[in-house]
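Throughout, a chain's letter reflects where its sequence line sits, starting with A, and its residues are numbered from 1.
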Number of protein chains: 2
Amino acid sequence: MRQICLPTGLNEHETRLLDQIIVRKKIARDSYLYRIGDQFTSLYAVRVGHFKTYQENLAGDRQINGFQMSGDLLGMDAISSALHQCDAVALDDSEVCMIPYTQLETLFTEMPILMRHFHRVMSEEIMGEQNVIMILGNMYAEQRFAAFLINLSRRYALRGYSPTRFQLRMTREDIGNYLGLTMESVSRMIAKMRKDGLIEVRQRDVEVFNLSALNKLAAGIDISDSSQASLDLPSVVTEYNYLSPQLTYLQRLWTAK
Amino acid sequence: MRQICLPTGLNEHETRLLDQIIVRKKIARDSYLYRIGDQFTSLYAVRVGHFKTYQENLAGDRQINGFQMSGDLLGMDAISSALHQCDAVALDDSEVCMIPYTQLETLFTEMPILMRHFHRVMSEEIMGEQNVIMILGNMYAEQRFAAFLINLSRRYALRGYSPTRFQLRMTREDIGNYLGLTMESVSRMIAKMRKDGLIEVRQRDVEVFNLSALNKLAAGIDISDSSQASLDLPSVVTEYNYLSPQLTYLQRLWTAK
DNA sequence: CGGTCGATTGAAAGCACTCAATCGGGGTGG
DNA sequence: CCACCCCGATTGAGTGCTTTCAATCGACCG
């Protein structure tokens, strides 16, 4: 773990201090990491596995806020009220780092570097949600699903996995709920993209054939309109960031070893 | 200002320290507080006036992320990348407190109370965006507009203004953009609610006649269905929080005097 | 080899959008 | 002071994207 921490600013002593307050915990598939209304005591960093978080309204409708994978931090929405504001459910058998929040804040005063990292993580959480807002507020079903695949692709790439071959850990219904669509619409978008030769999907296995075409789709550029002089857009288009460009130091720390 | 700060944790010396790094700045209506891509140096707390913040996608479509009023903090999404991720435009002639971020972080190490307040503010920002996600992902046009009015109502109430009479500072188009609707749909929802006797709207002036009915609407409970045994729902319904329950210490601080 | 749950596909309906015309308040200039 | 203009807002009609409802498929599991 030292190799990961030392180059990014924490010394050996500081790394040990941080490590001392963290406790690992296993969460079985389909069980809750925490529930709405639970007392907030810890943040959770995903070490292994996947989670979904969702809110519930008074009518009982659910809205999935996001899917979390290794390195992602859960529970930041609970800081202000000291109560968890959503349910967090494991999609796989998973393992998390429990980070007692009071102790973490105490460490911040001694370790400004750690504090700054934490602020960046919270800021990224805000950016990620703004991305979701853009998807839900402005996009058609096909664009939404394209943006969803691109997001997953980048996040897996950041973690050293293939950006073009990965498994969906959630049901079609979960995807639809997250994207503000029905499960049927998701299914139709998959069928359409498969017919268009952009992706292949068998069950939960996804292979992306044409990531740049997906980017254009998500950006609202009609790829079937071949009358356009150039189908290759400036690199900024394919480089459009649906996600932060690299794993943060903290993400690497709490998924290390 | 001391009366406001001292009871909430900061002593006189600390209050002065914080006050020393803050600079006030006036922003004329329709001008930018910051723009996408601008270097991030400061957070901004609204003292007077209103702002809107929006992102832009590659196709040039805009999505308004939120409307900010006195006490609200802008720019937190820029911390992670050191570049502003959205445009912030004044809806009124406004005044803000510029809070140099590096200096603020330095203060945190000396003033843990201030740091904890800041974490709560960021956490509330996350909750607020999750609220928007719920609106965009799950609600019909009428519910969305009801939720929008309730949100404004609460925020004005927190600031000591009437929760039932206030002015819209943004155009119908802005409202529609924010809610994932067209300006025409917003107009139709206003007409419907007016016909139903829930509100009166003349230009930008809004009067809410029945806040609890609005809450039921937003919660997805059909108020026209009078066959239900009881139209009065448990208090939890009308108490449903679309916003944090009180102004934070920091909000009061930087809007003081 | 059923049974179950998730996924796919089809047909019809609905909600919001698009397009277009009209209204109306506020500001400007004659 | 009034007429005109402009822009935001309203209203109507028709279209379209997504949903709803329903039937079927298919993989996994005991």
Query raised in the report: What are the two closest heavy atoms between B:Ile64 and B:Tyr54, and how far apart are they?
Result: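 Closest pair (atom of B:Ile64, atom of B:Tyr54, distance): CA-CB, 3.6 Å.
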Does one side chain, of [X] or [Y], offer a donor that lies under 3.5 Å from an acceptor on the other?
| X | Y | result |
| --- | --- | --- |
| B:Glu207 | B:Thr164 | no |
| B:Asp205 | B:Gln167 | yes |
| B:Gln55 | B:Asn65 | yes |

Report task. Please say which of B:Lys25, B:Arg29, B:Arg47 ends up in a salt bridge (charged side-chain N to carboxylate O under 4.0 Å, His left out) with B:Glu95. Result ->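 Testing each of B:Lys25, B:Arg29, B:Arg47 against B:Glu95, the sole residue satisfying salt bridge (charged side-chain N to carboxylate O under 4.0 Å, His left out) is B:Arg47.
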In whole Å, I'd like the distance from the [atom1] atom of [X] to the [atom2] atom of [N].
| X | N | atom1 | atom2 | value |
| --- | --- | --- | --- | --- |
| A:Leu168 | C:dG6 | CG | C1' | 13 Å |
| A:Lys192 | C:dT9 | NZ | C1' | 16 Å |
| B:Arg172 | D:dC7 | CZ | P | 18 Å |
| B:Ile175 | D:dG8 | CD1 | C1' | 12 Å |
| B:Ile190 | C:dA16 | CD1 | P | 15 Å |
| A:Asp174 | C:dG6 | CG | C1' | 11 Å |
| A:Leu136 | D:dT18 | CG | C1' | 14 Å |
| B:Asp61 | C:dC17 | CG | C1' | 14 Å |

Query raised in the report: Can you give one letter per nucleotide of nucleotides 19-30 of chain D, going 5' to 3': B for a protein heavy atom under 4.0 Å from the base, S for sugar-phosphate only, - for none?
Result: BBBB----S---
Report task. Can you label the angle between the B:His84 ring and the B:Phe40 ring as parallel, tilted or perpendicular, going by 30° and 60°? Result -> perpendicular
Query raised in the report: Do A:Arg169 and A:Asp174 sit within salt-bridge range, that is, some charged N less than 4.0 Å from a carboxylate O?
Result: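 Looking at A:Asp174 together with A:Arg169, the answer is no, because their closest N to O distance does not fall below 4.0 Å.
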Requested in this report: Determine, for B:Tyr161 and B:Arg159, whether the Lys NZ or Arg CZ falls below 6.0 Å from the six-membered ring centre while staying within 45 degrees of the axis.
Outcome: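 Checked: cation-pi criterion not met.
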**Report entry** Side chain to side chain, B:Lys26 and B:Asp93, heavy atoms closer than 4.5 Å
**Finding:** no
Query - Net bend of the helix from C:dC1-D:dG30 to C:dG30-D:dC1, end axes of five pairs each, nearest 10 degrees - result: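 Roughly 30° between the end axes, to the nearest 10°.
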Query raised in the report: Quick one: which of C:dG6, D:dG8, D:dT10 gets closest to the side chain of A:Arg204?
Result: C:dG6
